[in-house]
Amino acid sequence: MSNDPASLSVTCLKGVGPKVAEKLARLGLHTVQDILFHLPLRYEDRTRVVPIGSLRPGDAAVVQGEVQLTEVKFGKRRSLLSRISDGTGSLTIRLFHFNAAQKASLERGASVRCYGEARRGTSTLELIHPEYRLIQAEESPEVASSLTAVYPTTEGVHQLKLRDLSEQAMSHIGGLREWLPAELLASLGMPTLGEALRTLHRPTPDVSLSGLSEGEHPAQQRLAFEELLAQHLSMRQLRERMQAHQAPALRNNGELNNQFLQQLPFELTIAQQRVIKECLQDLSRAVPMQRLVQGDVGSGKTAVAACAALHAVESGYQVVVMAPTELLAEQHHKNFYDWLAPLGIKVAWLTGSLKAAERREQMAVISGGQAQVVVGTHALFQAEVEFDRLGLVIIDEQHRFGVHQRLALREKGRGEDGHPHQLIMTATPIPRTLAMTFYADLDCSVIDELPPGRTPVTTVVIPDSRRADIVQRVEQACASGRQVYWVCTLIEESEALQCEAAEDTAQALAAALPQLHVGLVHGRMKAADKEAMMRAFKAGEIDLLVATTVIEVGVDVPNASLMVIENAERLGLAQLHQLRGRVGRGAHESNCVLLYRAPLGQRARERLAVMRETTDGFEIARHDLEQRGPGEVLGTRQTGLAMLRIADLVRDQALLPAVEQAARQLMQDYPGHVDPLVRRWIGEATRYADV
Ligand code: ADP
Ligand code: MG
């Protein structure tokens, strides 16, 4: 297809030699199709001359008028001021850089047409360095026939050049393939690809500028739809490729699980039981499980993981449990050890901080197969670690790991009977529609129920000027036998400063509350010391634990009923939610105090209000998405997964159900369209090619 703009190099356009091509490449523009998909950032309306009297500050417009007065003013900066009027009002053109000829040409009575943004001036509105030209008496210049596109530029490729290239590229639109079936477009009421691109490069004057800037124009929606569809399809392809792999079919009569559940001091919730059942079904198939378990903080994901692990162990396979931080890994290790050792199962332990000898010992137990369960951090997946019949990989708090790592893990664990199963657990719940797009390569389970007997945490937001009151509350909580977390945050500063601040706070609190045992954990302590401190806290030997955000995830001390978070205004919602999840884990009424330093900005005020009003992780995640966008929330920024060019997952959420449906239709009825569509949008950036 020689006339397909996807296979035409930019060099076939006039004015593009090797030099320009190189600069375009810096914008990611290699083909004519790339130019067509390089869409304007914004638009300028030069399609009509606007009466000066109707201009408001901030308006960008074409105006035309007669010069009343031109003078040079010597203020802080020398400037040329030229007052023009069109009968409806007057404004001032202000130039800081000018020459004598310019000054002379703007003489009284001259006619000028300008384009610029009106700003509030001293007496009239001002246009600062507008584009302008003088108009001869008999001349009546034309206005633009379409809105003027303003493209994202790069050094050495100017606006006018990009405008010219897009103009040329548009003559190739006819060669672009339409991959969306006509009946689909008709049912969605969307324009064709060609129409959409034409509209976006050269919108006619009747197109609403505000609609365009909000991304709501049907032409934009059409492209966003196609992009989301491509993204979704690429995830589905990934899934299909995975499903083509083999995995050990793990089947047994559940003896270990029965024993485990009998010794467990609580009954599983219905939600836990349901999710476990879904996992065991997957594990019994000869296809690698790819299941994501979403469950709010405290919903009991660890017990679910343990049941899956036991199922694999009973079938004679090794299980890896991986956590994103040492502290969390330590805690999992302790949990799994306490739960599984009585069943005669050996749990090994591997993190980056192990001493060489210990490490060798653990590795030997792992590769020799004496350990059926291995708990650790990503150190587990360093090249030298060898597993013995690895059947299941459990990844906790997956948003800390990107898609990349997930895929790498899968490769790493590959054995003679195929890939290991994967179970991914996350406490960052995301709305269902988003999950379908982002985790389209995974099956999702949701633990949508908290264990019984939990009382929701009451949250208050208090300025740190009332610190003394809070110290009193700490005292009261401890006097009634409860324990307290005091979290110090200093996020912009270095970790060292953060640890210092925690040390200072711990000292100050110990001095203020001499009757209490005050402990301290921070990221710079040795793993063993941290662990010892956490153990002491868990055992109730410490009343008040001062900590940095290292305790964010997973720490479980049910007797802790009060959490104080300093500088809470600096933390994101997800982090606050995680932190707060450390209390309210037992039967006691729990409280969270968010201390802030006044004055609060608008955003921070909103965030803290969300925290005060809800404890529902899904609700909080929704707000978080709106405030920070999916790249930040899902931690996919680095993986490139959220690198959408046109679509915006928050703005365009409403499209997602239709995207999912269209994906199914395409795969079924137009399988040949899938690859080219994915290539058009994800192209070389696809990270899944080698899976
Ligand atoms: P998360 O989902 O945040 O990882 P955990 O697995 O750490 O939650 O569980 C939180 C706490 O709830 C732990 O103390 C755990 O033992 C307890 N727990 C888990 N499931 C239940 C249940 N069904 N009934 C009562 N307590 C439970
Ligand atoms: Mg957990």
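All values below were derived from every heavy atom in this structure, side-chain atoms included, with hydrogens, water molecules and symmetry-related copies excluded.
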Taking the side chain from [X] and the backbone from [Y], do they hold a donor-acceptor pair closer than 3.5 Å?
X      : Y      : answer
Lys301 : Gly295 : yes
His332 : Asp396 : no
Arg285 : Gln281 : no
Glu619 : Thr614 : no
Glu449 : Ala271 : yes
Gln422 : Pro288 : no
Thr548 : Cys488 : no
Gln294 : Cys444 : no
Glu314 : Glu255 : yes
Gln372 : Lys346 : yes

Distance-only polar pair, side chains of Glu566 and Trp486, donor-acceptor under 3.5 Å: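 Result is yes, a qualifying pair exists.
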Pair Thr269, Gln272: side-chain N/O donor-acceptor within cut-off below 3.5 Å: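 Side-chain D/A pair, Thr269 to Gln272: present.
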Aromatic ring pairing Phe266/Trp339, orientation class (parallel under 30°, perpendicular over 60°, tilted between):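 Phe266 vs Trp339 ring planes: perpendicular.
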Is there side-chain contact between [X] and [Y], with at least one heavy-atom pair below 4.5 Å?
X      : Y      : answer
Leu423 : Cys279 : yes
Val373 : Val375 : yes
Met563 : Val593 : no
Val347 : Val374 : no
Glu503 : His522 : yes
Val287 : Gln246 : no
Leu392 : Tyr317 : no
Asn559 : His588 : yes

Stacked cation flag Arg582 on Tyr485, 6.0 angstrom / 45 deg: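 No; the conditions do not both hold, so Arg582 does not lie above the ring face of Tyr485.
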Stepwise side-chain hydrogen bond (donor to acceptor under 3.5 Å, both in side chains) test for Gln243 and Gln290: CA-CA 9 Å; Gln243 302 270 307; Gln290 290 295 302; over 6 Å; no
Where is the tightest heavy-atom contact between [X] and [Y], given as atom of each residue plus distance?
X      : Y      : value
Cys478 : Leu516 : CB-CD2, 3.5 Å
Val583 : Ser561 : CG1-C, 4.1 Å
Leu350 : Ile366 : CD2-CD1, 4.2 Å
Ile620 : Arg580 : CD1-NH2, 3.5 Å
Cys307 : Leu261 : SG-CD2, 4.2 Å
Asp388 : Gly369 : OD2-CA, 3.3 Å

From CA spacing to verdict: side-chain contact (heavy atoms from CB on, under 4.5 Å), Asn252, Ser315: CA-CA 6 Å; Asn252 55 65; Ser315 297; 2.9 Å; yes
Trace of the side-chain contact (heavy atoms from CB on, under 4.5 Å) decision for Val320 with Ile394: CA-CA 6 Å; Val320 154; Ile394 298 173; over 6 Å; no
Evaluation steps, side-chain contact (heavy atoms from CB on, under 4.5 Å), between Val393 and Met322: CA-CA 8 Å; Val393 176; Met322 194 167 91; 5.5 Å; no
Over 12 foreign heavy atoms within 6.0 Å of CD, Gln370: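 Count over threshold, so yes.
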CD/Glu267: more than 12 non-hydrogen atoms of other groups inside 6.0 Å: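 Open: at most 12 neighbouring heavy atoms sit under 6.0 Å from CD of Glu267.
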Does the distance from a Lys or Arg side-chain N to an Asp or Glu carboxylate O, for [X] and [Y], drop under 4.0 Å?
X      : Y      : answer
Arg607 : Asp624 : no
Glu660 : Arg664 : yes
Asp448 : Arg274 : yes

Option among Val484, Leu544, Asp543, Leu513 that satisfies the side-chain contact (heavy atoms from CB on, under 4.5 Å) test with Glu475: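 By the side-chain contact (heavy atoms from CB on, under 4.5 Å) criterion, Glu475 pairs with just one of Val484, Leu544, Asp543, Leu513: Leu513.
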